[in-house]
Amino acid sequence: MIKAQLAAIRSSLPATTVLIAVSKTHPIERIMEAYEAGQRDFGENKVQELVEKYEALPKDIRWHMIGHLQSNKVKYIAPFAHLIHGVDSFNLLKEINKQGQKNGRQISCLLQFHIAQEDTKFGLSLEEAEAFLAGPEFYLLSHVRICGVMGMATFTENTTQIRQEFQNLHAIYQQLQSSYFSSNSEFKEISMGMSDDYPIAMEEGSTLIRVGSKIFGKR
Ligand SMILES: *Cc1c(COP(=O)(O)O)cnc(C)c1O
């Protein structure tokens, strides 16, 4: 089941797109099924669950922290997180940098933008991001690597709206790329698209899709 779902999704993706299997709430055995089918990128949205799964599972898994992250919990995932998707404040970025330094590594991050018409979703506005990207402090952060942007569309059946929101995120990416990262080839990722909307996200330029229920079934 998991293996067949993974194969079906992968066959619809260009080779350059990374499929992140969102394993939140699912037990180790089900994650191992995906691992044995060749899956290596997994996403979790809670720090404690992420740490427990990291400890229990093979060490060549690339763990993506996709949920809201509180500054006081960065230290638990700083030793191993492959990519932190939900950076939604400069304070959080500074804390990730501090923990990166402590662990002797540069931690890869995405800036999360609020693109949905819902207050429940986290994220920066373009203005907020530009305020710190243009500031003097940003250049001192040598233990974070900003690899791109992340966003979540509104939970709606309206595909026109979803597409519009993904287009907005793509435009934000392009704006930041040309203004702040034009000499930085690592700024190349757009994390957008989940089980119900990833085909639209792909059409709008997503490079990382985060798919849970379509692989593992209902939570
Ligand atoms: C849960 C979650 C997903 C996956 O959602 P599905 O609808 O199960 O594919 C993707 N991104 C984030 C941030 C999530 O929290």
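What you are looking at is a predicted structure, and each value in this text was computed from that prediction instead of being measured. Just follow the structure's listing: the first ligand is 1, and inside any ligand the first atom is 1. Atom set for the values below is all heavy atoms of this structure, side chains included, hydrogens, waters and symmetry mates excluded.
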_Tell me whether V211 reaches ligand 1 (any heavy atom closer than 4.0 angstrom to a ligand atom)._
yes

Counting heavy atoms under 4.0 Å, the part of R219 that contacts ligand 1 is side chain

min-distance protein heavy atom vs atom 9 (O) of ligand 1 -> S195 OG, 2.5 Å

(message) Side chains of L93 and F138, heavy atoms from C-beta outward: is any pair under 4.5 Å?
(response) yes

the protein heavy atom lying closest to atom 5 (O) of ligand 1 turns out to be M194 CE, 3.5 Å

side-chain contact (heavy atoms from CB on, under 4.5 Å) test vs L83 passes for just one of I107, D41, I66, L208, namely L208

Among non-hydrogen protein atoms, atom 7 (O) of ligand 1 lies closest to S213 OG, 3.6 Å

Practice task
Just do the side chain to side chain donor-acceptor pair (under 3.5 Å) check on R210 and S191 with the steps written out, would you?
Solution key: CA-CA 8 Å; R210 311 177 307 266; S191 168; 2.9 Å; yes

| Under 3.5 Å, is there a donor-acceptor pair between the side chain of E44 and the main chain of W63? | no

M152 heavy atoms within 4.0 Å reach ligand 1 at atoms 13 (C)

### Message
Tell me whether K24 reaches ligand 1 (any heavy atom closer than 4.0 angstrom to a ligand atom).
### Response
yes

closest protein heavy atom to atom 11 (N) of ligand 1 is R210 NE, 2.9 Å

- Query: Is it the case that R40 places NZ or CZ above or below the six-membered ring of Y35, under 6.0 angstrom from the centre and within 45 degrees of the axis?
  - Reply: yes

For atom 12 (C) of ligand 1, the closest protein heavy atom turns out to be I66 CD1, 3.5 Å

Practice problem: Salt-bridge test for E33 and K3: reply yes if a basic N is under 4.0 Å from a carboxylate O, no otherwise. | Solution: no

- Item | Axial cation check for Y54 ring with K59, 6.0 Å and 45° limits | yes

* Asked: Is there at least one pair of N or O atoms, one from G212 and one from ligand 1, spaced under 3.5 Å apart?
  -> yes

